[in-house]
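Written out below as structure tokens is the structure these notes cover.
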Amino acid sequence: VLEATEASAELRSPRLVQPLVPLMEHPNSGIRNKAVYALGLIGDKSAAKALLARLPNVREARMLNNIAFALERLDRAAFYSSIRQVIEHKQAIIRLNAAFVLGDVKRPEGLELLQKALNDASDYVKTSAIVALGKIGAPAAASSLEGFVNSPNLSIRQEAIYALHALSGGKKSDLIYQ
């Protein structure tokens, strides 16, 4: 099944969408992830509904990433509507993964969601949001991060410094040296 799922990703035939959708629930995580990956590569919008239905229940970071990338490719508006709900999930690990995904997607549409995540009660979520803002590369995010440079939490402080350095195009090297 794993080999067939991998082959589906290479073939990219819309005829394979229907057999791939049930594989998103397969007990083997490798098969689940490959099925989602293949659906994203196939690019048939008919897979978006199944991916959207799966998104709020995902607990694995890799699966969340794969679904997000597939959805972002298939139906960007639906992706951002859904990720908004995920980044406000009651479980911090889900919020953390949502912030991570928004950073990896690297689109300015995620900026507002990530800026809200900077106020999360969990330092892990804050750290993930800071890293993600650095990846998006929108200079407007710099002002949101400046206050974290003096955070008592070493991880938050360090990631804010690296993100500001990235957002400045390498001009804020002084922060790293300090």
Side-chain angles (χ1 to χ4, degrees), residues 5-6 9 17 20-21 23-26 28-142 144-145 148 153 155-156 158-160 162-167:
T5 307
E6 289 171 348
V17 170
L20 285 168
V21 167
L23 293 177
M24 291 192 304
E25 304 295 333
H26 196 278
N28 180 305
S29 66
I31 292 171
R32 286 193 305 268
N33 281 300
K34 290 289 183 185
V36 171
Y37 179 74
L39 289 168
L41 286 178
I42 291 169
D44 189 307
K45 296 202 183 295
S46 67
K49 184 177 179 181
L51 291 164
L52 282 168
R54 184 79 173 99
L55 185 63
N57 303 316
V58 175
R59 300 293 178 263
E60 308 161 48
R62 185 171 176 212
M63 182 69 149
L64 180 63
N65 253 2
N66 286 334
I67 290 175
F69 285 116
L71 273 175
E72 205 270 338
R73 184 168 187 246
L74 298 174
D75 188 345
R76 188 170 294 151
F79 165 71
Y80 282 100
S81 174
S82 295
I83 201 75
R84 182 175 304 278
Q85 295 169 4
V86 177
I87 204 157
E88 295 172 353
H89 196 276
K90 64 181 179 181
Q91 292 181 355
I93 190 69
I94 303 300
R95 298 190 309 271
L96 178 151
N97 287 331
F100 176 84
V101 165
L102 286 167
D104 275 7
V105 170
K106 297 180 183 174
R107 297 199 50 87
E109 290 94 326
L111 193 59
E112 176 192 338
L113 297 172
L114 290 168
Q115 287 174 323
K116 285 174 87 175
L118 293 174
N119 297 315
D120 198 279
S122 167
D123 284 350
Y124 294 113
V125 175
K126 281 181 197 172
T127 304
S128 187
I130 290 167
V131 171
L133 285 167
K135 287 180 179 180
I136 287 180
S144 303
L145 298 175
F148 293 102
N153 181 311
S155 295
I156 289 175
Q158 188 173 16
E159 294 303 341
Y162 292 144
L164 283 167
H165 181 259
L167 291 172

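Scored by the side chain to side chain donor-acceptor pair (under 3.5 Å) test, Asn65 finds no partners at all (sequence neighbours excluded). Scored by the side chain to side chain donor-acceptor pair (under 3.5 Å) test, Glu109 finds Arg107 as partners (sequence neighbours excluded).
The distance from the NZ atom of Lys116 to the CG atom of Leu111 is 12.5 Å, given to the nearest 0.5 Å. Taken from CG in Leu114 to CG in Asp120, the straight-line distance is 11.5 Å, to the nearest 0.5 Å. Note that the CG atom of Asp123 and the CG atom of Asn153 stand 4.5 Å from one another [nearest 0.5 Å]. Between the CG atom of Leu145 and the CG atom of Leu118 there is a distance of 6.0 Å, given to the nearest 0.5 Å. Separation of atoms NZ (Lys126) and CG (Asn119) is listed at 7.5 Å; rounding is to 0.5 Å. Atom-to-atom distance recorded for Ile94:CD1 and Gln85:CD is 13.5 Å, nearest 0.5 angstrom.
Looking at Leu64 and Leu55, their side chains come closer than 4.5 Å, going by heavy atoms from C-beta outward. The shortest side-chain heavy-atom distance between Phe79 and Val101 falls under the 4.5 Å cut-off. Between Val36 and Arg54, every side-chain heavy-atom pair lies at or beyond the 4.5 Å cut-off. Contact annotation: the side chain of Ile42 approaches that of Leu20 to within less than 4.5 Å [non-hydrogen atoms, C-beta and beyond]. Counting heavy atoms from C-beta on, the side chains of Phe100 and Lys135 come closer than 4.5 Å.
Among all heavy-atom pairs drawn from Gly110 and Tyr80, the shortest one is N-CE2, 3.8 Å. Across Gly40 and Ala70, no two heavy atoms sit closer than the pair CA-CB, 3.5 Å. A pairwise comparison of heavy atoms in Ala166 and Gly134 identifies CB-O, 4.2 Å as the closest pair. Nearest heavy atoms, Leu51 versus Met24: CD2-SD, 3.5 Å. Heavy atoms only, all atoms of each residue included: Ala47 and Val17 are closest at CB-CG1, 3.9 Å. Of all heavy-atom pairs between Gly137 and Pro139, the closest is O-CD, 3.2 Å.
For CZ of Phe148, the number of neighbouring non-hydrogen atoms (other residues, nucleotides, ligands) closer than 6.0 Å is greater than 12. Crowding of Tyr162 atom OH: a count of heavy atoms from other residues, nucleotides or ligands under 6.0 Å not exceeding 12.
Listed by first then second residue, pairs satisfying salt bridge (charged side-chain N to carboxylate O under 4.0 Å, His left out) with a partner in residues 41-50 number zero, not counting sequence neighbours.
Distance alone, capped at 3.5 Å, is enough to place a donor-acceptor pair between the Asn97 side chain and the Ile93 backbone. Side-chain atoms of Arg95 never come within 3.5 Å of backbone atoms of Val86 as a donor-acceptor pair (strictly under, hydrogens ignored).
Here Glu112 pairs with Arg84 in a salt bridge; the nearest charged N to carboxylate O distance falls below 4.0 Å.
For the side-chain contact (heavy atoms from CB on, under 4.5 Å) with Ile83, the qualifying choice from Leu71, Val105, Ile67, Leu102 is Leu102, the only one to do so.
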